[in-house]
Amino acid sequence: MRVLVTGGAGYIGSTTAAVLRDQGHEVEIIDDLSTGHRRAVPDGTTFHEGSLHDRQLLDAVFARPFDAVVHFAAHSLVGESVDRPLKYWRNNVGGTLTLLERVAWGGAKRFVFSSTAAVYGEPDEVPITEEAALRPVNPYGKTKLAMESAMADAATATGFAAVALRYFNAAGAWKRRGEDHEPETHLIPRLLRSILLREETFAVFGDDYPTPDGTCIRDYIHVRDLAEAHALALAWASEPGFTALNLGTGTGHSVREIVATAAEVTGRDVDPPVQPRRPGDPARLVAANDRARELLGWQPERSDVGTLLADAWAWHRDHPRGYAD
Ligand code: UDP
């Protein structure tokens, strides 16, 4: 297929673009490099540096229609979204509307969207199914839900197939691509970087949660498994309309379990201090992933935490300063 990947210089976008290219798809990428990295753009793809708000650029890119669009380009820092909500509404929702117009005007028949478990907010029940109430608790999650809604309405009205993939905790690294965010807020890269650089910068945020060891439980999913789900979703999405699918393993791991596995994988002693809870962190977020398994035939293959941390560790060791190395 001829596929446009927006945000294809980012962590999950570039990994997905590389997997699609390796599978023989013709891939074009659009990314404004606001958080992405030029070096993450896979060889053998066509790269357009620019923003989804640039209508002229989009007109030029869509001059030849695509079979599919995979849409990652968005801001994704929860804390920043609380401080600067309009930046998130303008960029995330505004960019998606401009893109959806091109798709609705005949630019593509399939649309796969990078969504998030943040659309659920604090769940009433775990594991979380796609039928759970959608009550995001921060502007980031709210913009992702608004993007899903716009896409669902446009898909229904104009007859393209839209799939929203709601990721749980993306982690790990694949081939030459890994996690390099500034600032870095996520557990695994913060932990591994502190081990690598022998800096005492890592702390456990709260050990008084109602979980067996008192630390928060999350569902970590390898970026390679996420990328594969996008490839499968592209192949599957043929009927007009909207479908949402959770992407997680269905198994949760506590912060303390991740720290213990990191100690095993790196062969280092790790005994981080405990700091107060980070505001807004739910105790337990785990996916029900039956729908993605059934509809796509998807199966996480590298997401056991040992493999996931080993892949991430290999990447951080090779790139101690991220893509600058
Ligand atoms: N966490 C932590 N120390 C850190 C970063 C994260 O203890 O330096 C915890 C965080 O409080 C949460 C879990 O690790 O319970 C996963 O956080 P992350 O930011 O990776 O993902 P989230 O689930 O918030 O999207």
Side-chain angles (χ1 to χ4, degrees), residues 10-12 35 74-82 88 114-123 126-128 132 135-145 165-173 178-197 199-223 226 246-263 266 270-287 303 305 308-309 311-313 315-316:
Y11 169 48
I12 307 171
T35 53
H75 293 322
S76 63
L77 294 172
V78 170
E80 186 189 47
S81 80
V82 174
Y88 277 68
S114 165
S115 192
T116 168
V119 296
Y120 298 113
E122 285 259 10
V126 174
I128 304 169
R135 292 182 306 231
V137 292
N138 52 60
Y140 166 65
K142 289 179 189 175
T143 62
K144 284 280 175 168
L145 181 56
L165 300 176
R166 295 175 179 160
Y167 317 149
F168 281 63
N169 287 64
E179 231 172 322
D180 179 3
H181 298 120
E182 191 49 50
E184 187 55 79
T185 61
H186 293 121
L187 170 67
I188 290 175
R190 284 174 61 83
L191 171 62
L192 294 181
R193 236 194 245 174
S194 77
I195 296 173
L196 182 70
L197 303 176
E199 292 173 351
E200 314 244 314
T201 46
F202 178 79
V204 173
F205 295 151
D207 66 354
D208 56 350
Y209 285 93
T211 60
D213 67 17
T215 63
C216 288
I217 291 176
R218 294 287 181 276
D219 185 337
Y220 296 92
I221 180 84
H222 196 294
V223 66
L226 288 181
N246 288 342
L247 296 181
T249 63
T251 302
H253 296 280
S254 71
V255 174
R256 286 231 183 272
E257 283 172 11
I258 297 295
V259 170
T261 309
T266 62
V270 191
D271 186 17
V274 177
Q275 284 181 5
R277 292 182 178 196
R278 188 171 66 177
D281 276 342
R284 201 159 165 251
L285 295 175
V286 177
S303 296
V305 286
L308 186 149
L309 279 159
D311 285 353
W313 178 237
W315 194 81
H316 284 288

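Residues take their numbers from the sequence shown, with the count starting at 1. Start at 1 and go down the list; that is how both ligands and their atoms are numbered.
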Output the distance between atom SG (Cys216) and atom CZ (Arg278), rounded to the nearest 0.5 Å. 8.0 Å
Neighbouring protein residues of ligand 1 - any heavy atom closer than 4.0 Å: Asn169, Thr185, His186, Leu187, Arg190, Phe202, Ala203, Val204, Phe205, Cys216, Arg218, Tyr220, Val255, Arg278, Asp281
Would you tell me whether Glu80 and Tyr88 have side-chain atoms, one donor and one acceptor, within less than 3.5 Å of each other? yes
Closest approach of Pro210 to Arg277 (non-hydrogen atoms, all atoms of both residues): CD-NH2, 4.4 Å
Compare all side-chain heavy atoms of Asp207 with those of Arg256 and state whether any distance is below 4.5 angstrom. yes
So Thr143 and Ser81, do their side chains get closer than 4.5 Å, heavy atoms only? no
With a 4.5 Å limit on heavy-atom distance, are the side chains of Leu285 and Pro123 in contact? yes
